[in-house]
Amino acid sequence: MASKASIPKGTRDFSPAEVSKRNYIIKTIQENFQKFGFQPIETPTFENSDTLMGKYGDEGDRLIFKILNSGDFLKKVGENTFSTKDSLKFAPKISEKALKYDLTVPFARYVVQHQNEIDFPFKRYQIQNVYRADRPQKGRFREFTQCDADVIGSDSLWQEVEFIQLYDAVFSNLKLEGVHIKLNNRKILSGLAEVIGESDKLIDFTVALDKLDKIGEEGVKKEMLDKGISENAIENIQPIFNFKGDFSEKITLLESLLSNSEVGQKGIKELKFLQNAIDAMPLQTAKLDLDVTLARGLNYYTGAIFEISAPENVNMGSIGGGGRYDDLTGIFGLKNMSGVGISFGLDRIYLVLEELDLFPETITENTKVIFINFGETEAMYAMKAVRALRAKNIAAELYPDAAKMKKQMTYADKRNIPYVVLAGGNEMNAEVYNLKNMKTGEQNAVNLEELIAKFV
RNA sequence: GUGGAUGUAGCUCAGUUGGUUAGAGCACUGGUUUGUGGUACCAGGGGUCGUGGGUUCGAGCCCCAUCUUCCACCCCA
């Protein structure tokens with residue numbers, strides 16, 4: 001029985017127009033990745049479960065798609081495991097593979113596995129789909145595309161500078177103005193936790209702080225109290241709730257706040273380095289912000305943290321993010337490899353460009369000219385011209401059937417094909433082609449040479 | 001994983017306190033126009049009202065379950 005045609009929730013089909021638009025974004029990102037010296041790699045769509053499990057925290061484990069083993073896998077499960085009905089214990093017995101959850105962890109695995117073939121520092125980019133068993137929402141899918149660039153094997157802060165410039169270059173090329181590159185540093189967060197004497201609650205502290213723009217000052221304080229952070233400690237960091245001003249003013253404020261924290265001072269030094277570099281080489285369209293409430297990827301980020309927020313007039317969360325991780329490959333047994341990387345969220349950038357109507361108009365235009373089919377001998381005459389045009393790299397096609405003129409014209413119009421050639425008996429005798437501009441309606445007879453010249 | 005909305009033609013949506021044969025616009029097909037599309041006019045095709053149960057003489061409308069999509073939380077691109 002034929003089932004109703006459908007796709008799993010959180011996944012999408014892409015129409016020709018959508019693919020064209022996606023390719024436009026991908027091409028822009030890819031060109032810039034290459035311009036900045038990154039080389040492409042690809043990793044499998046699925047990995048061994050133990051490569052992924054435990055790398056993203058408990059929440060992450062829950063969101064990893066697990067792949068059922070092949071064969072009669074239940075036979076291999078012991079009666080004990082079976083009868084306890086404990087999914088956590090049961091799952092690994094029947095599933096040894098999982099869909100990849102992001103590009104960073106598989107990249108770390110790749111680096112460790114191929115360390116002897118890689119020339120460090122290794123600059124790689126990767127544009128692939130990743131999968132999350134999340135509940136879909138606006139701009140949130142279960143299959144989506146990430147575009148990552150990472151450098152591994154260098155702890156130079158110039159890499160951070162380059163990534164800020166890379167973000168700026170891509171969004172400038174896409175004509176997306178008003179993008180904010182939000183910057184923070186794990187060392188600043190550690191410093192803050194340190195000076196209030198709550199270093200052991202760093203994660204709770206930062207996760208709560210991260211919600212400042214969402215639940216407000218009171219909400220954050222309440223969450224901190226709930227997590228066991230003392231009232232006194234919260235008072236000590238009161239200034240960061242009114243953290244206003246430009247980059248320099250914020251740094252000054254942090255300097256006094258973190259004067260007693262060694263790690264905090266280190267974070268400030270890094271921020272200053274980036275600020276100096278960007279001051280000397282200003283960004284084109286993006287804006288660099290210092291945002292101490294930014295706390296993403298704390299499971300592995302150790303230095304800089306980036307997050308890209310869409311222009312304020314669109315309701316979309318972050319459209320990219322990244323950061324510095326000092327020991328990502330350590331979990332796979334390769335120590336002392338500092339890395340830093342960023343990611344572009346293709347699907348969200350798409351939604352933003354769509355909402356702001358920023359896709360170029362010609363993007364869905366592919367075929368430049370279509371030939372009307374008047375019958376077999378006329379089709380042969382047309383096909384010779386089609387072949388000549390294609391030889392010159394011009395996308396041309398012949399309508400396959402000798403259908404009614406109206407139908408063929410409508411087809412050209414719907415396909416957004418800018419030119420139509422009408423060549424019937426009269427034109428054949430005169431050895432010309434009647435070229436019609438679909439936009440202006442203009443029409444004139446040209447010979448084959450002139451026809452080709454129109455398009456090159 | 002938690003909470004709240006939603007689903008009627010290919011698409012966007014009407015559909016009265018439950019009452020005959022479920023509508024519109026757009027799209028599609030054909031015609032006005034047998035060598036000219038995008039504008040106009042005429043005609044036509046297309047829906048077991050998400051799915052499965054239930055209440056009722058009678059359900060698109062009420063009840064239950066389930067799925068989809070959307071929104072918020074958690075988390076995140």
Colleague: So, OP1 or OP2 of B:rA72: does either fall under 4.0 Å of a side-chain N or O from A:Q137?
Modeller: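 So the side chain of A:Q137 is within the cut-off, an N or O lying under 4.0 Å from OP1 or OP2 of B:rA72.
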Colleague: Give me the distance, rounded to whole Å, that separates B:rC26 from B:rG45 when you measure between the C1' atoms they each carry.
Modeller: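 Rounded to whole Å, the distance is 16 Å.
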Colleague: State yes or no: are the ring centers of A:Y125 and A:F38 separated by less than 6.0 Å?
Modeller: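 No, the ring centres sit 6.0 Å or more apart.
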Colleague: Stacking between A:F144 and B:rA77, defined as ring centres under 5.5 angstrom apart with planes under 30°, is that present or not?
Modeller: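 Aromatic stack with B:rA77 present for A:F144.
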Colleague: Listed by chain and number, what are the ring pair (Phe, Tyr, Trp, His ring centres under 6.0 Å) partners of A:Y350, not counting sequence neighbours?
Modeller: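 Ring pair (Phe, Tyr, Trp, His ring centres under 6.0 Å) list for A:Y350, sorted by chain: A:F359.
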Colleague: Strictly under 6.0 Å, is that where the ring centroids of A:Y167 and A:F344 end up?
Modeller: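 When the ring centroids of A:Y167 and A:F344 are compared, they turn out to be within the sub-6.0 Å range.
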Colleague: Is the charged tip of A:R22 near the ring of A:F14: under 6.0 Å from the six-membered ring centre and within 45° of its axis?
Modeller: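 The answer is yes, since A:R22 meets both limits relative to A:F14.
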Colleague: Could you give the distance separating B:rU8 and B:rA77 at their P atoms, to the nearest angstrom?
Modeller: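 To the nearest whole Å, 34 Å.
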Colleague: Given the P atoms of B:rU20 and B:rU32, what is the spacing between them in whole Å?
Modeller: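 So the two P atoms sit 40 Å from each other.
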Colleague: Spell out yes or no: do the side chain of A:D413 and the base of B:rG38 have one donor N/O and one acceptor N/O closer than 3.5 Å?
Modeller: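 No pair found.
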Colleague: Atom pairs, N/O to N/O, protein against nucleotides 29-31 of chain B, distance under 3.5 Å?
Modeller:
residue: B:rG31; atom: OP1; partner: A:K404; partner atom: NZ; Å: 2.4
residue: B:rG31; atom: OP2; partner: A:K404; partner atom: NZ; Å: 3.3

Colleague: So among A:R109, A:Q113, A:Q126, which one has a side-chain hydrogen bond (donor to acceptor under 3.5 Å, both in side chains) with A:T43?
Modeller: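 Of A:R109, A:Q113, A:Q126, side-chain hydrogen bond (donor to acceptor under 3.5 Å, both in side chains) with A:T43 is met by A:Q126 alone.
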Colleague: Tell me whether A:K368 forms a cation-pi arrangement with A:F455, defined as NZ or CZ under 6.0 Å from the six-membered ring centre and within 45 degrees of its axis.
Modeller: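 No, A:K368 does not lie over the aromatic ring of A:F455.
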